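In this text the structure is predicted, and so the values were computed from the model without any measurement.
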Amino acid sequence: MVQTKNPQNKIALLILAVFAVISLLWSVFIPVFESPDESTDYEFGRYYGRTWKLPVLTDNPRPQGVHFWEPLYFYILGSVSKAINAPLSEDSKYMYSSSDQWKRLREQHPLNLHRHEPSEFKFNWDEIAWSLHLMRLVSVLLSVGSVWFVYKMGREVFPEPSWLPIAGMMLFAFNPQFLFLGSALNVVDMVIFSTAILLWLLVRFMKRKVNKAIDIIVLGASMGMAILSKMTALPILAVAVVGICWKRIVEKKPVVNAILLFLIIFLLTGGWYLLRNQALYGELTGAKIHVLARFGKMTNPFLEEVGLLNFLISYPKTQWKTFWSGFGWITIYLPMIFPFTMLMIYAHGIWGFVVAIRERTNIFLNGVQKRQLMVLAMAPIVVWLAISRVIFIVEVFHGKDLFPVSGAAALIVVVGWRTMWEIFGSSDWDRGWIKKLSMPVIFLLSIFWFKQPELARFFKGIANMTDVWRMIGTGILAAIALKVFWKLVSNQRSREIFRKLVVNKENQIALLILGIIAISELAILFLMVVQGLYNMSIRELLRI
């Protein structure tokens, strides 16, 4: 329910509408089956539309169209698939039957996995193309819903008129990779939506003065739905338990009863799927059978390609550069200054958030908000650590698996920047060790971001002095740019000018930023994505 007392709600609804339009346009113009795993999502949806049965991955042979994912998203896709009578995609003109042909295509055009014809751009679609684009509407609706619940989550933490939920909403929504993911078929769209609802319910639970049994029941059911969306939501179970325990302790109410009720409802709604995996495959998550069914052996065929360092910084890197870390089917090749800038935004925001929690909470955070934010901050950390543990056993790291907690991360970052606005130029920022430590870190990050090497590759490449000097130059320029930025925002005069501008023109500034973002997202779609995926210039496409 929209809270009309907050004047920013109108801006939030406008942002949601702009996001919906842009997401729909991305959905229309992304070519058929070009998104990672989209062809298998399509066929898995058809499987559910035909059978409405949970597949057993150890069946030999496996039923046609069966893949290795959780069922909730595909029940929805199956309903759409059955309603439109979606045709079989295998052996169609969009698919390559020869592995040699696929390998040759990858070598010639790394962006293209399938055969794309200019007729797609001109909407001369066949039955498969129409079916896919109609099924993509499910993902569009889920991504729009995810953005809205991220905003509602922010409003639960900051119910008073505040721009922090707006800023977090925009930081989450207008990531080009999230737009791409949420505009095509992908099971992750379902878990992003489910997790956004779960975290919203959790911070609402922590804020309310009185919580009843129904509130715990709803939380348990929401956790169950998240598990049925994708197993990457499982680590958030620990976050939910911590949040419930913390709230009950503050209320001085029984903790064990609340946790038991939460877990019982979770088992009834989604936990049964874990027990099914245990009974069928000997493990709760089904991760090992996933790898065995897909690769035939328990090894990680991609880890060497991905690289350890690429994996360790996968959160900032994959969120803003690619779905698949160092190994990639689909990468939106934005200029390198863009992901580096986003890394700096996240790094400064996280630092500011730590300061807010540890030392400066009296600036604008009360005790309830502090608890809410600390629980939200756990979600990205716990999910990242859990994926880090699993990745060395089963599969290549998928940056897209961190999108379910990106909304929480975005709110943490904007809270951190709000804190930094208060402390720039103060004694906190004037501490010498901060500057001495941060500059070399930024320098090294700049070098790494420019080249993205593994350490072994880096040392092997030292002989190529051209690249080395370019990397060093990049680091120096980045350090200088950050130094100038710090000087600007810590200067009392510039801060006063900016403060007056924001206070007097905050709505106009928000609309201007939204307009710039919208134009940028459409420019990325048409000048980079469409052009690259169709392997033709926009001018050539429009001539047809």
(request) Could you tell me how the ring of W130 sits relative to the ring of W125: parallel (under 30°), tilted (30 to 60°) or perpendicular (over 60°)? (result) perpendicular
(message) Contact between F266 and I227 at the side-chain level, heavy atoms closer than 4.5 Å - yes or no?
(response) yes
(message) For a side chain to side chain contact (heavy atoms under 4.5 Å, CB included) check, start with the C-alpha distance between L376 and L411, then their side-chain angles and the critical distance, and finish with the verdict.
(response) CA-CA 9 Å; L376 283 180; L411 186 62; 3.9 Å; yes
(request) Look at the side chain of N277 and the backbone N and O of L274, then say whether any donor-acceptor pair between them is shorter than 3.5 Å. (result) no
(request) Take Q177 and F403, measure what side chain to side chain contact (heavy atoms under 4.5 Å, CB included) needs, and give me the verdict at the end. (result) CA-CA 10 Å; Q177 295 294 351; F403 277 114; 3.9 Å; yes
(request) Indicate yes or no: does R204 engage E156 in a salt bridge with an N to O separation below 4.0 Å. (result) no
(message) With side chain to side chain donor-acceptor pair (under 3.5 Å) as the criterion, how do S27 and S183 come out once you've worked through the C-alpha distance, each side chain's angles and the decisive distance to 0.1 Å?
(response) CA-CA 4 Å; S27 177; S183 302; 5.7 Å; no
(request) Scan V218, L219, V375 and name whichever one has a side chain to side chain contact (heavy atoms under 4.5 Å, CB included) with F205. (result) L219
(message) Give me each pair satisfying salt bridge (charged side-chain N to carboxylate O under 4.0 Å, His left out) with a member in residues 235-248, each pair once, sequence neighbours excluded.
(response) K247-E251
(request) Could you check if a side-chain atom of D41 sits within less than 4.5 angstrom of a side-chain atom of V187, using non-hydrogen atoms only? (result) yes
(message) Ignoring hydrogens, what is the shortest heavy-atom contact between L25 and L522? Give both atom names and the distance.
(response) CD1-CD2, 3.6 Å
(message) Quick check: do F178 and F19 have side-chain heavy atoms less than 4.5 Å from each other?
(response) yes
(message) Tell me if a side-chain donor or acceptor on T195 pairs with a main-chain N or O of I192 at a distance below 3.5 Å.
(response) no
(message) On a heavy-atom basis, which atom in A233 and which in V191 lie closest, and how many Å separate them?
(response) CB-CG2, 3.7 Å
(message) Taking side-chain contact (heavy atoms from CB on, under 4.5 Å) as the definition, give me every residue that meets it alongside A184, ordered by chain and number, with sequence neighbours left out.
(response) S35, E38, R136
(request) Report the relative orientation of the aromatic rings in Y75 and W52; use parallel for angles under 30°, tilted for 30 to 60°, perpendicular for over 60°. (result) parallel
(message) Would you say that L402 contacts P380 through its side chain, given a criterion of any heavy-atom pair below 4.5 Å between the two side chains?
(response) no
(message) For I166 versus Q8, what's the shortest heavy-atom pair and its separation?
(response) CD1-O, 3.5 Å
(request) Look at the rings of W69 and F74 and say which category their plane angle falls in: under 30° parallel, 30 to 60° tilted, over 60° perpendicular. (result) parallel
(request) Could you grab the distance from atom CG of N211 to atom CD1 of I244, nearest 0.5 Å is fine? (result) 9.5 Å
(message) Let's go through Y42 and R46 carefully: what are the C-alpha distance in whole Å and the side-chain angles of both, what is the deciding distance for side chain to side chain donor-acceptor pair (under 3.5 Å) to 0.1 Å, and is it a yes or a no?
(response) CA-CA 6 Å; Y42 178 89; R46 288 186 71 253; 4.9 Å; no
(message) As an exercise, state the distance from CH2 of W26 to CG of L181, rounded to the nearest 0.5 Å.
(response) 11.0 Å
(request) Let me see the working for L280 and T58 under side chain to side chain contact (heavy atoms under 4.5 Å, CB included), right down to the final yes or no. (result) CA-CA 8 Å; L280 288 174; T58 51; 5.7 Å; no
(request) Before giving the answer on side chain to side chain contact (heavy atoms under 4.5 Å, CB included), spell out for D37 and F44 the whole-Å C-alpha distance, their side-chain angles and the decisive distance to 0.1 Å. (result) CA-CA 10 Å; D37 290 332; F44 203 16; over 6 Å; no
(request) Decide yes or no for M169 and L16: does some side-chain heavy atom of the first lie under 4.5 Å from some side-chain heavy atom of the second? (result) yes
(message) For a quick test of reading the model, state the closest non-hydrogen atom pair linking P176 to I524 and the distance between them.
(response) CG-CD1, 3.8 Å
(message) Looking at Y281 and L57, would you say the former's side chain and the latter's main chain have a donor-acceptor pair under 3.5 Å?
(response) yes
(message) Would R276 pass as a cation-pi partner of W272, given that its NZ or CZ must be under 6.0 Å from the six-membered ring centre and within 45 degrees of the axis?
(response) no
(request) Could you tell me which non-hydrogen atom of S229 sits nearest to which non-hydrogen atom of E70, and how far apart they are? (result) O-CB, 3.7 Å
(message) Is it the case that the side chain of Y73 and the backbone of D189 share a donor-acceptor pair, with hydrogens and angles ignored and the cut-off at 3.5 Å?
(response) no
(message) Has D59 got a side-chain atom pairing as donor or acceptor with P61's backbone, closer than 3.5 angstrom?
(response) no
(request) Measure the CG-CE distance between L198 and M153 for me, rounded to the nearest 0.5 Å. (result) 11.0 Å
(message) Counting only heavy atoms from other residues, nucleotides and ligands, does the tally under 6.0 Å from CH2 of W246 exceed 12?
(response) yes
(message) Main chain of T40, side chain of H67: is a donor-acceptor contact present, judged purely on distance under 3.5 Å?
(response) no
(message) With a 4.5 Å cut-off on side-chain heavy atoms, are S79 and Y48 touching?
(response) no
(message) My understanding is that only residues two or more places apart in sequence, or in another chain, count here; which of them pass side-chain hydrogen bond (donor to acceptor under 3.5 Å, both in side chains) with S81?
(response) none
(message) Is the shortest side-chain heavy-atom distance between V147 and F193 below 4.5 Å?
(response) no
(message) Go through it in stages, so that I can follow the logic: the residues are E43 and S89, the test is side chain to side chain donor-acceptor pair (under 3.5 Å), and I'd like the CA-CA distance, side-chain angles, deciding distance and then a yes or no.
(response) CA-CA 7 Å; E43 285 302 326; S89 65; 2.7 Å; yes
(message) I'd like to know whether the aromatic ring centres of F29 and F123 sit less than 6.0 Å apart in this structure.
(response) yes
(request) Enter the distance from L132:CG to E34:CD here, rounded to the nearest 0.5 Å. (result) 11.5 Å
(request) Quick one: closest heavy-atom pair of Q372 and V203, and the distance? (result) NE2-O, 2.7 Å
(request) Measure the CG-CZ distance between L164 and F158 for me, rounded to the nearest 0.5 Å. (result) 5.0 Å
(request) Measure the CD1-NE2 distance between I84 and H133 for me, rounded to the nearest 0.5 Å. (result) 11.5 Å
(message) Has D126 got a side-chain atom pairing as donor or acceptor with A129's backbone, closer than 3.5 angstrom?
(response) yes
(request) Measure from the side-chain N and O atoms of S131 to the backbone N and O of E127, and report whether any donor-acceptor pair falls under 3.5 Å. (result) yes
(request) Evaluate the side-chain proximity of I197 to W148: yes if any heavy-atom separation is below 4.5 Å, no if none is. (result) no
(request) Would you check if the side chain of Q278 reaches a backbone N or O of L284 as a donor-acceptor pair within less than 3.5 Å? (result) yes
